[in-house]
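Heavy-atom basis, side chains included; hydrogens, waters and symmetry copies ignored. It should be emphasised that the depicted structure is a prediction, and the values quoted were computed from it without experimental measurement.
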Amino acid sequence: MSAQTVWFSLAVLLVIGELMTGTFYLLMVAIGLVAGGLGALIGLTFPAQAIVAAIVAVFGIVGLRRTRYGRTTRENAARNRNVNLDIGETLRVDAWSPERRARVQYRGAAWDVELAPHAPATAGEFRIVEVRGNVLVVAPK
């Protein structure tokens, strides 16, 4: 089996793995493997092929880290709808205490509700914007 066939076969395997994981890092390494295969096609020695593959893969990963696809966003879990499905749901508050808190029925249970900063303390419909333990933080709808 020729060297370029090995390089290209490994690249295909990494692309398949990339499709299963959903990140772009394996794709960058696969591009590096393709570069190593191209080095084999033009007649470079194996150490030169490996160096070309490594350099292309490293530059691809560094370039990916500089794009929005490579940045990890750290969201507060208390405000992230992917973590807590209550965020974005609505509920009704009939009266607020002077401390801007209330007790309401939500999903069949009594919950403590806290009004978001700078929101008016009036009765009505509110949207859940954060969940802190067993306290729902709400803002006007």
Side-chain angles (χ1 to χ4, degrees), residues 1-97 99-141:
M1 186 179 290
S2 64
Q4 62 265 21
T5 305
V6 172
W7 285 106
F8 294 138
S9 299
L10 290 173
V12 167
L13 288 175
L14 278 184
V15 169
I16 291 169
E18 166 62 37
L19 292 173
M20 287 190 251
T21 62
T23 65
F24 288 109
Y25 293 104
L26 287 179
L27 186 62
M28 296 301 118
V29 176
I31 291 171
L33 291 175
V34 168
L38 292 175
L41 277 175
I42 62 171
L44 295 178
T45 63
F46 178 75
Q49 296 168 21
I51 290 171
V52 167
I55 289 172
V56 170
V58 166
F59 276 112
I61 290 171
V62 169
L64 178 65
R65 293 286 297 177
R66 294 178 180 262
T67 67
R68 68 182 175 108
Y69 299 109
R71 287 194 195 108
T72 56
T73 56
R74 304 257 185 228
E75 267 190 74
N76 184 357
R79 294 187 179 120
N80 188 348
R81 181 153 173 85
N82 293 329
V83 174
N84 193 327
L85 296 179
D86 290 323
I87 295 173
E89 297 297 317
T90 60
L91 54 85
R92 177 156 186 79
V93 178
D94 294 323
W96 292 98
S97 72
E99 298 85 28
R100 299 171 57 92
R101 296 179 74 92
R103 187 99 169 142
V104 299
Q105 284 293 116
Y106 174 67
R107 292 194 310 144
W111 285 77
D112 291 326
V113 177
E114 183 178 305
L115 193 58
H118 310 296
T122 59
E125 294 281 322
F126 290 86
R127 183 177 50 83
I128 301 171
V129 294
E130 184 177 348
V131 178
R132 280 190 235 136
N134 63 344
V135 177
L136 302 174
V137 179
V138 297
K141 192 173 175 186

With the threshold set at 4.0 Å, does a side-chain nitrogen-carboxylate oxygen contact exist between D86 and R81?
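Salt bridge between D86 and R81, a charged N being under 4.0 Å from a carboxylate O: no.
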Taking the basic N atoms (NZ, or NE/NH1/NH2) and the acidic carboxylate oxygens, is any pair closer than 4.0 Å for K141 and E89?
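Looking at E89 together with K141, the answer is no, because their closest N to O distance does not fall below 4.0 Å.
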Sub-4.5 Å side-chain heavy-atom contact between [X] and [Y]:
X    : Y    : result
L115 : R101 : no
M1   : V6   : yes
L91  : V93  : yes

Trace of the side chain to side chain contact (heavy atoms under 4.5 Å, CB included) decision for L27 with V15
CA-CA 6 Å; L27 186 62; V15 169; 4.2 Å; yes
So, the side chain of R92 versus the backbone of V104: is there a donor-acceptor pair under 3.5 Å, distance only?
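Pair absent, no side-chain N/O of R92 close to backbone of V104.
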Judged by atom type as modelled, is there a donor-acceptor pair below 3.5 Å linking the side chain of W111 to the main-chain atoms of Y106?
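Indeed, once roles are kept as given, a pair shorter than 3.5 Å links the two residues.
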Which pair of heavy atoms, one from [X] and one from [Y], lies closest together, and at what distance?
X    : Y   : value
F24  : L64 : CB-CD2, 3.5 Å
G37  : Q4  : O-CB, 3.7 Å
V138 : W96 : CG2-CH2, 3.6 Å

Using side chain to side chain contact (heavy atoms under 4.5 Å, CB included) as the criterion, list what pairs up with L14, not counting sequence neighbours.
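Once residues adjacent in sequence are excluded, the partners of L14 under the side chain to side chain contact (heavy atoms under 4.5 Å, CB included) criterion are L26, V29, A30, L33.
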So, using side chain to side chain contact (heavy atoms under 4.5 Å, CB included) as the criterion, who are the partners of P117 when residues are at least two apart?
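Expected list: none.
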Using a distance-only test with no angle check, is there a side-chain donor-acceptor pair under 3.5 angstrom linking R65 and Y25?
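Per modelled atom types, R65 and Y25 side chains form a pair under 3.5 Å.
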Tell me, which pairs form a side chain to side chain donor-acceptor pair (under 3.5 Å) where one or both residues lie in residues 30-43, sequence neighbours left out?
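As it turns out, there is no side chain to side chain donor-acceptor pair (under 3.5 Å) pair with a partner in residues 30-43 once direct neighbours are skipped.
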Listing, residues 42-61 side-chain donor-acceptor contacts under 3.5 Å, not counting sequence neighbours, or none:
| unit_1 | atom_1 | unit_2 | atom_2 | d |
| --- | --- | --- | --- | --- |
| Q49 | OE1 | W7 | NE1 | 2.7 |
| Q49 | NE2 | L44 | O | 2.7 |

Name each donor-acceptor pair under 3.5 Å that joins a side chain in residues 125-137 to protein atoms two or more places apart or in another chain, with its distance.
| unit_1 | atom_1 | unit_2 | atom_2 | d |
| --- | --- | --- | --- | --- |
| E130 | OE1 | R79 | NE | 3.2 |
| E130 | OE1 | R79 | NH2 | 3.2 |
| E130 | OE2 | R132 | NE | 3.1 |
| R132 | NH1 | E114 | OE2 | 3.3 |

Return each pair, listed once, that meets salt bridge (charged side-chain N to carboxylate O under 4.0 Å, His left out) where at least one residue sits in residues 36-56; pairs must be two or more places apart or across chains.
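Listed by first then second residue: nothing to list.
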